[in-house]
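This report refers to the structure that appears directly beneath it.
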Amino acid sequence: MIDIRSLVLVVNCGSSSVKFGVFAGTGREPLLSALAENLGQPESRLVVKEKGEKTEISLDGGSHDVALQKLLGILDQKGWLSSVVAVGHRMVHGGERFTASTLVTDEILREMDALSNLAPLHNPANILGVRTAMAALPNVPHAAVFDTAFHTTMPQAAFTYAVPQDCYRNLGVRRYGFHGTSHRFVAAEAIELLGLDPNDHGLVIAHLGNGASATAVLNGKSVDTSMGFTPLEGLVMGTRSGDIDPGALFHIAREDGLTIDELDTLLNRKSGLLGLSGLSNDCRTLENAEKEGHEGAKLALDVFVHRLARYIGGLATSLDRLDAVIFTGGIGENSATMRQRTIDRLAVLGLKLDAETNGQMFGGRCGVITSKDSKAAAAVIATNEEWMIAHDTLEAVATSTAA
Ligand code: ADP
């Protein structure tokens with residue numbers, strides 16, 4: 001029996017979309033989730049998912065506030081609204097200021113606003129979500145959970161770019177890392193799954209979704225990660241290039257006369273799996289196309305695996321010992337082929353795949369996918385960022401009540 005007396009609403013607000021999740025107490029699966037899309041456009045809609053059933057509601061061109069009000073109306077109809085004890089918000093960028101999740105106050109909102117220049121695409125939308133939800137639910141605490149917070153433990157050598165240090169001191173140019181909430185959740189799950197000592201272990205976690213990043217975790221702490229000043233650095237992603245020689249950008253800009261905004265679009269929206277394949281940003285589509293002989297799809301997946309294996313190998317050098325490589329995110333959790341191709345490349349580190357168990361891990365199943373004689377393990381762990389946000393929110397509330 002689920003206890004619905006204390007519900008946490010999780011809000012992940014983007015510029016034209018909002019994801020909601022409603023969690024009961026410590027329950028790991030949301031009682032209800034919803035996705036509002038195309039906000040501010042005539043076709044804006046809210047898709048609500050509950051017990052596997054989807055309902056679509058038009059928002060009549062409405063924006064974030066309309067989506068939130070619709071969702072709150074649904075919670076009210078169910079008699080759940082008065083049980084919402086806290087709201088947790090996903091924040092992309094917490095800079096160096098936010099090293100952990102925190103309750104939102106006017107002062108904290110001002111500080112979050114001040115960080116918007118570091119993440120102009122994401123933070124203003126996140127903050128809009130916080131303000132909208134605080135106006136709609138003024139009597140419950142709101143917490144902010146930062147994508148960057150987990151990586152604030154990176155040592156200086158890992159977070160520093162080799163540019164004149166005025167760029168860091170005056171402009172905040174350094175590596176921050178992202179996907180931290182997912183990496184933190186998966187790191188804790190890995191300790192459980194593999195029976196590791198919480199104070200003595202080394203992991204490399206590959207979060208492979210539309211965005212992709214890999215992180216080295218030493219004794220529970222992030223010590224290096226593939227994303228940098230923005231989520232553009234590092235691995236090949238759905239539409240993002242990941243690493244590219246900045247010299248190539250000077251060349252493209254000079255030769256093709258691209259503006260900075262056009263370069264931004266080229267690297268963030270037209271590159272990655274999509275740009276390489278000329279077909280799709282979706283790994284599943286590319287796997288199918290590759291089987292039918294599509295050369296662009298093969299190239300895209302080959303480059304993806306090459307870069308990933310190179311990063312995993314490089315990140316392992318920030319550890320004392322590599323206990324395990326963990327795969328998560330839509331691709332990491334579901335694609336046996338991409339895991340197999342990556343682990344084959346990691347034979348140099350002594351990793352050996354167990355093809356049978358690898359083939360069994362999809363759709364949320366978690367487990368080890370390497371053979372007994374593999375030098376380090378590899379495992380699949382399903383991420384759950386939304387629950388992590390709900391969990392942090394309850395903790396932040398408990399800490400403030402205890403203080
Ligand atoms: P987001 O970063 O948007 O949350 P997801 O974590 O849902 O994205 O990952 C989306 C990616 O996962 C897509 O590239 C999709 O093709 C891939 N994916 C999902 N299921 C499979 C599968 N069975 N085989 C290969 N790729 C898959």
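Read the numbers this way: they start at 1 and go in the same order the structure lists the ligands and their atoms.
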Do the side chains of L59 and H64 get nearer than 4.5 Å, heavy atoms only? no

If you take the centroid of each ring, where Trp contributes its six-membered ring, are H93 and H122 closer together than 6.0 Å? no

Check each N or O atom of ligand 1 against all protein N or O atoms and list the pairs under 3.5 Å, with atom names and distances to 0.1 Å, one per line.
unit_1   : atom_1 : unit_2 : atom_2 : d
ligand 1 : 2 (O)  : N210   : N      : 2.9
ligand 1 : 3 (O)  : N210   : ND2    : 3.0
ligand 1 : 6 (O)  : G330   : N      : 2.9
ligand 1 : 8 (O)  : N210   : N      : 3.3
ligand 1 : 12 (O) : I331   : N      : 3.3
ligand 1 : 14 (O) : C283   : N      : 3.0
ligand 1 : 16 (O) : D282   : OD1    : 2.7
ligand 1 : 16 (O) : D282   : OD2    : 3.3
ligand 1 : 16 (O) : C283   : N      : 3.1
ligand 1 : 16 (O) : R284   : N      : 3.1

Which pairs count as salt bridge (charged side-chain N to carboxylate O under 4.0 Å, His left out) when at least one residue sits in residues 319-347, sequence neighbours excluded? D200-R321, E290-R341, D302-R341, R321-D323

Do any pairs count as a ring pair (Phe, Tyr, Trp, His ring centres under 6.0 Å) and have a residue in residues 204-237, sequence neighbours left out, and if so which ones? H179-H207

Summary of ring pair (Phe, Tyr, Trp, His ring centres under 6.0 Å) pairs that have at least one residue in residues 319-370, sequence neighbours excluded: none

Cation-pi check, R174 to Y176: give yes when NZ or CZ is under 6.0 Å from the six-membered ring centre and within 45° of the ring axis, no otherwise. yes

